[in-house]
Amino acid sequence: MMSEHELKALRLRIDSLDERIQELISERARCAQDVARVKMGTLAEGEKPVFYRPEREAQVLKRVMERNGGPVRDEDMARLFREIMSCCLALEEPLHVAYLGPEGTFSQAAALKHFGKAVVTRPMAAIDEVFREVAAGASNFGVVPVENSTEGAVNHTLDSFLEHNLSICGEVELRIHHHLLIGENTKADSITRIYSHAQSLAQCRKWLDSYYPSVERVAVASNAEAARRVKGEWNSAAIAGDMAASLYGLTPVQQKIEDRPDNSTRFLIIGNQDVPPSGDDKTSIIVSMQNKPGALHELLLPFHTNNIDLSRIETRPSRSGKWTYVFFIDFLGHQADPLIRDVLERLSTGAVALKVLGSYPRAVL
Ligand SMILES: C=C(O[C@@H]1C=C(C(=O)O)C=C[C@H]1O)C(=O)O
């Protein structure tokens with residue numbers, strides 16, 4: 001057993017390490033302030049400064065993970081640095097980030113995971129409102145869900161890209177754990193109704209079929225809204241995540257009830273900023289082709305010949321005619337890469353319309 005003496009000596013060492021860490025964080029923050037001063041000093045007439053640099057932040061986080069020698073896990077170490085950078089950036093510009101609300105949604109969790117906790121998050125009532133808020137310049141960035149590993153595409157988000165001229169500046173992936181939650185007045189053995197967002201009900205379908213086969217499933221606007229409703233009802237439960245549970249003071253009857261243990265959602269960061277290459281990037285485009293034989297082959301050929309990795313292809317009805325479609329395509333690489341430039345040039349000659357939504361760093365965390 002460790003002696004009192006040893007314990008005291010170790011705590012003294014920790015105190016002195018903390019002092020050094022704190023000094024270094026302050027020094028780092030002063031450096032970031034100097035970077036901001038340099039950025040301000042090199043502006044052309046009328047040009048606005050760009051303080052937030054997603055590609056640089058992705059490189060910093062990647063390097064942190066690469067050089068990590070333990071015992072702290074790579075992801076945990078990166079999360080600590082994520083918060084340090086977030087605080088450094090907030091000294092110059094407290095970013096305003098709109099997300100699909102209300103408070104306590106997974107979109108808010110995604111916003112905080114991506115930007116760190118020193119940003120101001122602003123809940124919006126619908127995905128389209130997140131787009132409008134950012135397009136109007138009322139928030140710097142927006143966070144919207146785009147696909148779930150169990151349930152597939154979030155069509156509202158894809159359709160909003162057709163209506164707004166915003167770029168994708170980043171992506172963030174979140175493991176989604178759902179819990180069955182009740183309030184202090186709920187009678188756990190008399191539950192007759194379970195509220196949740198339709199996507200979450202679908203992600204827990206098998207579990208619900210096994211444990212609550214005859215209980216009414218009510219789809220509401222968000223998981224946070226489900227949690228809010230349960231507070232006042234003795235016979236209802238909600239399916240929602242940790243943030244909503246703690247925000248509304250609910251307790252889990254059963255945790256992690258999602259059917260697939262790797263259930264994850266991918267979110268996009270939308271903004272008005274073009275992001276330079278980070279060295280490990282993705283590009284997203286919308287493209288529509290003429291409705292003729294071989295059109296899909298023609299669309300995919302440039303990717304194949306240039307050996308570009310497609311990570312996703314999604315089809316949505318186009319706004320311009322019945323039974324005509326647009327393709328949403330994500331692939332690895334940055335639009336500044338010569339190979340990608342070549343793909344985009346070849347696509348634009350064969351396509352009816354081509355819109356590059358943006359190139360952005362692949363999610364690090
Ligand atoms: C310091 C900079 O500005 C911001 C702060 C960063 C940081 O704290 O490391 C990184 C990128 C930018 O979001 C920079 O551009 O290097």
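When a ligand or atom number is given, it counts from 1 through the structure's own listing order.
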Got a second to check how far Leu354's CG is from Ser348's OG, nearest 0.5 Å?
->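 Nearest 0.5 Å value for the CG-OG distance: 6.0 Å.
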How long is the span from the CD atom in Glu4 to the CD atom in Glu6, to the nearest 0.5 Å?
-> 10.5 Å
Side chain to side chain contact (heavy atoms under 4.5 Å, CB included) partners for His197, two or more places apart =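 Side chain to side chain contact (heavy atoms under 4.5 Å, CB included) check on His197 returns Gln199, Ser200, Asn223.
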May I ask you to check whether over 12 heavy atoms, not counting those of Asp15, lie within 6.0 Å of atom CG?
-> yes
Under 4.0 Å from ligand 1 - residues by heavy atom, chain and number =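 Residue list for ligand 1: Arg28, Val35, Lys39, Phe51, Tyr52, Arg53, Arg56, Glu57, Met85, Cys88, Leu89.
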Hits for ring-ring contact (aromatic ring centres under 6.0 Å, His included) against Tyr360, two or more places apart or cross-chain, chain-then-number order -> none
ring-ring contact (aromatic ring centres under 6.0 Å, His included) partners for His178, two or more places apart |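 Once residues adjacent in sequence are excluded, the partners of His178 under the ring-ring contact (aromatic ring centres under 6.0 Å, His included) criterion are Phe106.
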